[in-house]
Amino acid sequence: MPARAVERLEAELGFPLERPASADHGDFATNAALQLAPQRKRPPREIAEELAEQATALELVERAEVAGPGFVNLWLAPAWYLDALSEILEAGEGYGGGLADPVERVQVEMVSANPTGPITVASARNAAYGDSVARLLEHAGHDVEREYYVNDAGAQTELFRASVEARRRGEEPPEGGYLGDYVAELAGAEGDPVPPMLERIEATLERFRIHFDSWRRQSQLEGRLPQVLECLDTYESDGAIWIRSTKFGEEKDRVLVRSAERGGLPTYAAVDIVYLADKLERGFDRVIYVLGSDHHGVRGWYPIIAQILGHDPAQVEVLIYQLVHLVEGGKLRKVSKRRGDVVFLDDFIDQVGVDGARWYLISRGPDQAIDIDVDLAADKTQKNPVYYVQYAHARIAGILRNAPTAPSNSLLQSPKALARAEKELIKRLVEFPAILEEAVERRGPHALPNYAIRVADDFHRFYHEHRVLESEAQEFRLALVRATQIVIALSLDLVGVEAPERM
RNA sequence: GCGCCUGUAGCUCAGAGGAAGAGCGGCGGCCUUCUAAGCCGUUGGUCGGGGGUUCGAAUCCCUCCAGGCGCACCA
């Protein structure tokens, strides 16, 4: 892949560029003079004058001027814009991607909700976030596998089974048992309710455009516990088996197997160890956990397990997102899966659509808690910016449908001058690789929706001001429109939202 | 008590040292043109408070205030 248009220019200039907030400050600007001033012990504006002079000497630079305390603002020639545009067209769907180095085998474990009820909006954030991170890693070139951990053997699952059984006998559920309508539904059929529940969960997630490559069951892992325990540094105390996790920086040792009085069953910590051992044995270079902030207390635990097992803790990555709360009538609503007092993802999708739901859940940063107003959700998503972005894509598809020829991938005669809206749009498109790179690095897919709105913004303005078909600049504008389509489609796809041909 | 997250326009939120932003809402305009789910104008700010570092801080450090979530032989 050729160096990016901006990077090439930076290399020629010898200093880094940024995009100024205001168009009055040029197409690009640099603060290099301000950075250099202290070490050169010279006034920044003096250095800026020199940089501006050097820049003006380049063919791609139309004009350069010094501003403020020592910024250099640059205006670029049409040739640079054409160059940037053709780069996007050549890269196509791979634009901004394939830069992973080294390429890793990555496992993303996400959702992993207990199979004791349908997927809720709380898990939906996990799903949307985890899947988008996975998509980003894939686009960067990594080999990614999505896994769902099925807790089919824990106390909650047993309680769930007992609740269904009680229902079948026409009795009240056990203390603290499950009450939702779906329990009654499952009670209508024979056998273990967990498999049909899992089928329903999988169907919901597929509908949400998330495909799991692998479903790992706790019941399959537990048998390996004795074997794993043997290799660990454990001791017995108060009738329980403990691991010396303090040796690895934990504040307290942890119990792995409960004392007989407390049931003698292995704890979650024990299963965590067996499960991570299982993951690492499968040869992943990187293992990612996606957890809600209600689990952030164990964030440090997983890397420590890796150490305990003799692996590099840096192979383990724990991503935390803040929780989704339900708000009703301006007040926080207490949710409980057991009582069935939740918003199920299927219902949420029925209300706002997959695109609306995914966009809504992903466009806020993972550190930001989300309140979903149950009553206003549908209303809000009517105004959801996702339609604004999709509409831009559909408009482009319309133009390309009506175009006499497909946009050419190799440019192109240079228009004498580019209109402002054209320049703004190209500069926006050129930002994409950097946006993407940062989103990957920071595991922050929310940058993409926010960026896509900017692209749609610039496109709608361009569309309003300039005709594409049967204009003098038709060839150039078809190419520009096609490049815009590539970037919008990619931005949407990376967060799991569709790019419609018509609306 | 300790830890993590949050506090930016009326509301929902972007902004990871460089020149304060968007969407929604409010007000006023624009369809004989490739899609008006669009465009243009306007309204809007002690970036929670206070200190510090820096030529420069919403951004980094300290501190205080407010809210959310955690700190189990719970799952």
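Given the structure is predicted, the values throughout are model-derived calculations rather than measurements. Scope of the values below: all heavy atoms of this structure, side chains included, with no hydrogens, waters or symmetry mates. Naming: A, B, ... by sequence-line order, numbering from 1 per chain.
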How far does the [atom1] atom of [N] sit from the matching atom of [M], given to the nearest Å?
N      : M      : atom1 : answer
B/rC61 : B/rG28 : P     : 47 Å
B/rA57 : B/rG68 : C1'   : 26 Å
B/rG50 : B/rA14 : P     : 24 Å
B/rU43 : B/rC11 : C1'   : 15 Å
B/rC69 : B/rC13 : P     : 16 Å
B/rA58 : B/rG17 : P     : 13 Å
B/rG67 : B/rG51 : C1'   : 23 Å
B/rC60 : B/rG15 : C1'   : 16 Å

For B/rA19, is there a stacking contact with A/F71, counting only centres under 5.5 Å and planes under 30°?
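Base of B/rA19: stacked against A/F71.
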In the structure shown, which nucleotide is the Watson-Crick or G-U wobble counterpart of [N], with both distances under 3.5 Å?
N      : answer
B/rG21 : B/rC13
B/rG28 : B/rC40
B/rC47 : none
B/rG7  : B/rC65
B/rA57 : none

Does [X] make a side-chain N or O approach to OP1 or OP2 of [N] shorter than 4.0 Å?
X      : N      : answer
A/R461 : B/rC40 : yes
A/Y451 : B/rG21 : no
A/R477 : B/rC34 : no
A/R262 : B/rC74 : yes
A/Q368 : B/rA14 : yes

Could you state the CG-P distance from A/L159 to B/rC74, rounded to the nearest angstrom?
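Interatomic distance, CG of A/L159 to P of B/rC74: 16 Å.
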Rounded off to whole Å, could you give me the NE2-to-C1' distance for the A/H466 and B/rG38 pair?
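From A/H466 NE2 to B/rG38 C1': 15 Å.
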Among [options], find the nucleotide with the atom closest to the side chain of [X].
X      : options                : value
A/L34  : B/rC69, B/rG18, B/rC73 : B/rG18
A/Y391 : B/rA37, B/rC34, B/rC39 : B/rA37
A/D294 : B/rC73, B/rG38, B/rG70 : B/rG70
A/N31  : B/rG38, B/rC69, B/rG18 : B/rG18
A/I399 : B/rG18, B/rC71, B/rC34 : B/rC34
A/R364 : B/rU33, B/rG68, B/rU12 : B/rU12
A/A394 : B/rA37, B/rC39, B/rU35 : B/rU35
A/D367 : B/rU35, B/rC5, B/rC69  : B/rC5

Which is true for [X] with a 4.0 Å heavy-atom rule: it touches a base, it touches only sugar-phosphate, or it touches nothing?
X      : result
A/A240 : base
A/R454 : sugar-phosphate
A/S293 : sugar-phosphate
A/D253 : nothing
A/H460 : sugar-phosphate
A/E441 : nothing

So, is the end of the A/R395 side chain (NZ or CZ) under 6.0 Å from the ring centre of A/Y463 and within 45° of the ring's axis?
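That pair qualifies as a cation-pi contact.
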Between A/H460 and A/Y391, does the ring centre distance come in under 6.0 Å?
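Ring centres of A/Y391 and A/H460 closer than 6.0 Å.
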Can you confirm whether A/R502 is buried at CZ, in the sense that more than 12 heavy atoms of other residues, nucleotides or ligands lie under 6.0 Å from that atom?
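Not buried by this count: 12 neighbours or fewer within 6.0 Å.
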Do A/L319 and A/Y289 touch side chain to side chain, with heavy atoms closer than 4.5 Å?
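A side-chain contact is absent here, since even the closest heavy-atom pair is not under 4.5 Å.
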Ring geometry between A/Y178 and A/F160 (parallel below 30°, tilted from 30 to 60°, perpendicular above 60°)
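Correct class here is perpendicular.
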